[in-house]
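All remarks here apply to the structure that follows.
Note that the coordinates shown come from a computational prediction; the quantities given were computed from them, not determined experimentally. In what follows, every chain begins at residue 1, and chains take the letters A, B, ... in the order their sequences are listed.
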Number of protein chains: 2
Amino acid sequence: MRVTKAQAQANRAHIVETASELFRERGYDGVGVADLMAAAGFTHGGFYKHFGSKADLMAEAAACGLAKTASAEEALDVAQFFQRYLSREHRDARSTGCTMAALCGDAARQPAAIKATFADGLEGLLKRAEHAGAENGDQDPHTARARMIERFAQAVGAIMLSRACPDDAPLADEIIEVCRKAIVAPLAD
Amino acid sequence: MRVTKAQAQANRAHIVETASELFRERGYDGVGVADLMAAAGFTHGGFYKHFGSKADLMAEAAACGLAKTASAEEALDVAQFFQRYLSREHRDARSTGCTMAALCGDAARQPAAIKATFADGLEGLLKRAEHAGAENGDQDPHTARARMIERFAQAVGAIMLSRACPDDAPLADEIIEVCRKAIVAPLAD
DNA sequence: TGTACATCAGTGAACGCGCGTTCACTGATGTAC
DNA sequence: TGTACATCAGTGAACGCGCGTTCACTGATGTAC
């Protein structure tokens with residue numbers, strides 16, 4: 001049963017978004033094409049009408065997820081961004097949280113196309129930090145960029161280490177809280 | 001063809017060590033039981049004479065790999081440890097590098113037994129940092145612990161983000177270098 | 001110490017299963033007259 | 001605008017393949033006498 005062009009396009013976008021969330025939750029190898037299509041409300045056979053392969057979708061889903069982190073960064077100032085990033089809520093919300101934190105371990109073993117998507121996402125984050133620092137006039141772009149790299153690496157590391165701990169381990173919360181203070185406190189000055 | 005008890009025990013240890021390296025290189029889902037046994041010099045059938053399941057081996061291999069990071073930390077002072085940790089050599093040496101950096105993304109999706117192994121490994125790292133800080137007399141244990149959490153989260157995040165970039169991306173090296181300076185420079189005082 | 005038997009580490013074929021992908025088919029949509 | 005035909009998004013069965021795991025078998029090791 002054929003479907004409107006507009007509907008088909010909307011369905012495709014919905015599949016990408018669903019995939020983006022499922023991959024973040026379970027990893028690239030943890031989600032099958034059939035799982036994914038079922039979660040989006042379709043049967044698996046139609047998948048190849050939209051995508052050349054599972055790998056193609058992985059790249060699109062990564063780009064889709066990374067764009068969300070980018071818009072969150074743009075909407076908030078640096079302190080607010082990291083205040084939310086380094087929270088238990090973010091750590092526990094794997095499927096809707098940062099794609100970088102959820103999948104950068106997997107990305108490292110993926111083909112160059114997917115790695116390039118991650119690098120582009122990160123570069124976008126840094127470029128915006130450079131501009132923001134320049135606008136506030138309190139940092140030259142080079143310093144603003146370096147500070148953002150340091151903070152983001154720490155924030156991603158904290159979320160990932162925290163998620164690798166058992167849910168009930170006090171250490172899981174401790175990592176988040178210590179790193180949140182380390183990043184946010186100096187920004188309050 | 002049966003084998004000496006001592007030989008069997010040595011073979012078992014060799015399988016665990018081989019697995020630890022292969023898992024770090026390709027991730028838990030990227031290595032099959034047959035791959036692994038072949039890499040260790042055996043056929044796959046004998047696997048279940050040593051281990052109850054692949055998951056059991058994953059836990060043992062994680063413990064084995066994390067112990068290596070622990071002994072590296074013990075042998076070096078803090079500045080030396082991070083100087084080596086945040087190097088291109090470490091980033092490129094996935095199979096022999098830090099298990100936490102190679103597998104904490106995968107660990108987050110594993111059963112509690114494996115997560116507990118990671119948490120224990122991290123706790124060991126922190127306990128030694130507390131003692132080292134106390135011995136030097138320049139930090140109380142609580143502060144030494146917090147500083148170690150901050151530094152280690154940043155170091156793990158930097159290695160993981162760097163590895164998620166394409167090999168030829170300048171950003172991959174930039175992340176490592178910026179974070180190495182951020183951690184090591186203040187320690188030189 | 002020497003002999004006979006039980007044990008069990010390691011082998012390689014075989015198992016069921018779920019994966020990514022293909023394909024013939026359906027029927028509403030898009031298009032040409 | 002109405003009709004006839006081509007298109008193609010979505011369906012569900014089927015494919016080959018590699019996975020984790022099982023099993024009958026081998027033959028050197030360990031053990032009991």
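The main-chain N or O of B:Glu150 is found under 3.5 Å from a side-chain atom of A:Gln154 such that the two form a donor-acceptor pair. The backbone N or O of A:Asp29 lies less than 3.5 Å from no partner atom in the side chain of B:Asp29, so there is not a single donor-acceptor pair. The main-chain N or O of B:His90 is found under 3.5 Å from a side-chain atom of B:Ser87 such that the two form a donor-acceptor pair. Of the possible polar contacts, none joining the B:Glu89 side chain to the B:Arg84 backbone as a donor-acceptor pair under 3.5 Å is found. Under a 3.5 Å cut-off, the side chain of A:Arg91 and the backbone N or O of A:Arg163 do not form any donor-acceptor pair.
Within a 6.0 Å sphere centred on CD of B:Gln9, other residues, nucleotides and ligands contribute 12 heavy atoms or fewer.
Between A:Glu21 and A:Lys68 no salt bridge is recorded (no basic side-chain N to carboxylate O distance below 4.0 Å). By the 4.0 Å N-to-carboxylate-O rule, A:Glu177 lies too far from A:Lys181 to be salt-bridged with it. For the pair B:Arg145 and B:Glu130, the salt-bridge criterion is met [side-chain N within less than 4.0 Å of a carboxylate O].
For DNA chain C, the span of nucleotides reached by chain A at under 4.0 Å from its heavy atoms goes, 5' to 3', from C:dG20 to C:dG30.
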How would DNA chain C look in dot-bracket form, 5' to 3', counting Watson-Crick and G-U wobble pairs with both distances under 3.5 Å and writing | for bases paired to another strand?
.||||||||||||||||||||||||||||||||
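Among pairs with a residue in residues 32-57 of chain A, those fulfilling salt bridge (Lys or Arg N to Asp or Glu O under 4.0 Å) read A:Arg26-A:Asp35, at least two apart in sequence or across chains.
Listed by chain and residue number, A:Phe47 satisfy the ring-ring contact (aromatic ring centres under 6.0 Å, His included) test with A:Phe51 (two or more places apart in sequence, or in another chain).
Non-hydrogen atoms lying under 4.0 Å from DNA chain C are contributed by B:Val3, B:Ala8, B:Asn11, all within residues 3-12 of chain B. Within residues 36-58 of chain B, the residues approaching DNA chain C are B:Phe42, B:Thr43, B:His44, B:Gly45, B:Gly46, B:Lys49, B:His50, by heavy-atom distance under 4.0 Å.
For the residue pair B:Ser20 and B:Arg24, a side-chain donor N or O sits within less than 3.5 Å of a side-chain acceptor on the partner.
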